[in-house]
Amino acid sequence: MSKLLGHREAALAALVVALFAAIGWRAPVFWSAANLDTLLNDSAILTIMALAQMCALLTRGVDLSVGASMALAGMLTALLSRAQPELPVVWSILLALGSGLVLGTLNGVCIAWLSLPPIVVTLGTMSIYRGLVFVVSGGAWVNAHELGPRFVAFPLERFLGLTHLGWIALGVAALGYLFLHHRSAGRELYALGGNPAAARHVGINGPRRELLVYVLSGACSGLCGYLWVARYAVAYTETALGFEMQTIAACVIGGVSIRGGRGNVSGCLLGAAFLVLLFNALPIIDVSPFWQPAISGAAILAAVVLNSRSEPERRRARSWKPAGNALGART
């Protein structure tokens, strides 16, 4: 399986390079340092949220509420900044993280402890959270001139030549790699998605791990809600509308299986890079940005078909049941 993933990631990396070269050949300005910086900033939020979505997919779940959670957390931080323009940015970030944790915990409790289907729970909370954006804002926008100067400046300020957005995305990617590949809690997510019965058989606490997944997803959503609002200097009711589709697309393009138990961080990052390049190429080839949702949906469908055709051994193993004292079970 790891060899198969390696081949897929190599092919995807080659496709990303080819796409970048083709776009630059059509419009050489695409290769400029300024545009590369823009691409990195544009990909940062998608990278963070794709990694959070990947954790949910690994457990055979999904978080459809990430866009709405981002909108609600972003609106709360914008309202705080409008009321207290000189407030240090750290308070806005803490509010974003705290509100995201609450929203994610609500999802996790319903899924892990009430045993409700993730797609049903997060579809419902997506509507609830999006509605709460209207409630707290009264349906009004918070525009750039109403936001504190430090609030808006923080994501694009630079440290060692890289924006804070870039550093945060790199940090989350590094933490995600360490968690999923070098921590027992992260490895258990693969076991839960790969074979839930066997995972329970060896004593993995499924509800606790599922709760952890959605709490982390909520925290990332809250943080990205602030980063989105500050990056674009506006908060409104449709912030990040449909963004959950982009996070799922980035994951499945990168080889994360919707059947659970398969995927890694590098593939997820490549999937996000591919989408960002593709979306930034649309104006260059005279395609309306309004086609983005259709492109995301087509990419998901194509990637799911490809994934399903490359997993024959997993399809055969789905009916496998651990027997007797297999996997070290007690007798």
Side-chain angles (χ1 to χ4, degrees), residues 34-52 65-105 129-173 175 215-244 246-247 272 276:
N35 190 66
L36 292 176
D37 189 62
T38 299
L39 288 174
L40 180 60
N41 292 328
D42 286 347
S43 65
I45 294 176
L46 179 57
T47 294
I48 296 169
M49 290 313 307
L51 291 170
S65 69
V66 292
S69 299
M70 289 170 59
L72 181 54
M75 180 60 75
L76 291 174
T77 60
L79 293 173
L80 176 63
S81 181
R82 184 174 68 180
Q84 300 289 337
E86 301 304 321
L87 197 68
V89 174
V90 64
W91 292 109
S92 296
I93 295 176
L94 289 175
L95 174 61
L97 287 170
S99 58
L101 283 170
V102 171
L103 302 178
T105 300
Y129 299 162
R130 187 68 65 175
L132 287 175
V133 182
F134 281 90
V135 172
V136 299
S137 66
W141 290 32
V142 181
N143 294 301
H145 67 276
E146 300 176 277
L147 298 170
R150 290 286 302 147
F151 179 94
V152 174
F154 176 79
L156 297 182
E157 287 181 338
R158 296 184 180 275
F159 176 71
L160 298 178
L162 191 63
T163 63
H164 289 158
L165 258 176
W167 282 115
I168 292 171
L170 287 175
V172 171
L175 290 174
V215 168
L216 289 176
S217 180
C220 290
S221 298
L223 175 62
C224 287
Y226 159 69
L227 294 174
W228 183 297
V229 168
R231 165 80 166 89
Y232 299 107
V234 63
Y236 58 108
T237 54
E238 295 184 351
T239 295
L241 185 65
F243 192 67
E244 59 279 350
Q246 293 186 30
T247 65
V276 169

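For the side-chain contact (heavy atoms from CB on, under 4.5 Å) test, residues two or more places apart in sequence or in another chain that qualify with Trp141 are Asn143, Val234, Tyr236. For Glu238, there are no salt bridge (Lys or Arg N to Asp or Glu O under 4.0 Å) partners at least two apart in sequence or on another chain. With sequence neighbours left out, the side-chain contact (heavy atoms from CB on, under 4.5 Å) criterion links Leu95 to Leu76, Thr77, Leu80. In this structure Pro85 satisfies the side-chain contact (heavy atoms from CB on, under 4.5 Å) test with no other residue, sequence neighbours excluded.
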TODO: Start with the C-alpha gap between Leu132 and Met75, add the side-chain angles, then the distance that decides, and say whether side chain to side chain contact (heavy atoms under 4.5 Å, CB included) holds.
DONE: CA-CA 10 Å; Leu132 287 175; Met75 180 60 75; over 6 Å; no
Task: Check against side chain to side chain contact (heavy atoms under 4.5 Å, CB included), Ser137 and Thr237 - done: CA-CA 8 Å; Ser137 66; Thr237 54; 3.9 Å; yes
TODO: For Val142 and Leu79, run side chain to side chain contact (heavy atoms under 4.5 Å, CB included): C-alpha distance rounded to whole Å, both residues' side-chain angles, the deciding distance at 0.1 Å, then the answer.
DONE: CA-CA 7 Å; Val142 181; Leu79 293 173; 3.9 Å; yes
TODO: Given side chain to side chain contact (heavy atoms under 4.5 Å, CB included), test Leu170 with Leu162 step by step and report yes or no.
DONE: CA-CA 10 Å; Leu170 287 175; Leu162 191 63; 3.6 Å; yes
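You'll find the side chain of Leu40 stays beyond 4.5 Å of the side chain of Thr163, heavy atoms only. Residues Val66 and Ser217 have side chains in contact (heavy-atom distance under 4.5 Å, counting atoms from C-beta outward). In this structure, the side chains of Ser99 and Leu72 stay at 4.5 Å or more apart for every pair of heavy atoms. The closest side-chain heavy-atom distance from Val133 to Thr239 is not below 4.5 Å. Side-chain contact between Met49 and Ser221 is present, with at least one heavy-atom pair separated by less than 4.5 Å.
Counting only residues at least two apart or on different chains, the salt bridge (charged side-chain N to carboxylate O under 4.0 Å, His left out) pairs with a member in residues 157-169 are Asp37-Arg158, Arg150-Glu157. Among residues at least two apart or in separate chains, salt bridge (charged side-chain N to carboxylate O under 4.0 Å, His left out) pairs with a member in residues 216-233 are Asp42-Arg231.
Ring geometry, Phe154 versus His164: the interplanar angle falls from 30° to 60°, so the pair is classed tilted.
Tyr226 contributes no side-chain N or O that, together with a main-chain N or O of Met70, makes up a donor-acceptor pair within less than 3.5 Å.
To the nearest 0.5 angstrom, Leu227 atom CG is 4.5 Å from Leu223 atom CG.
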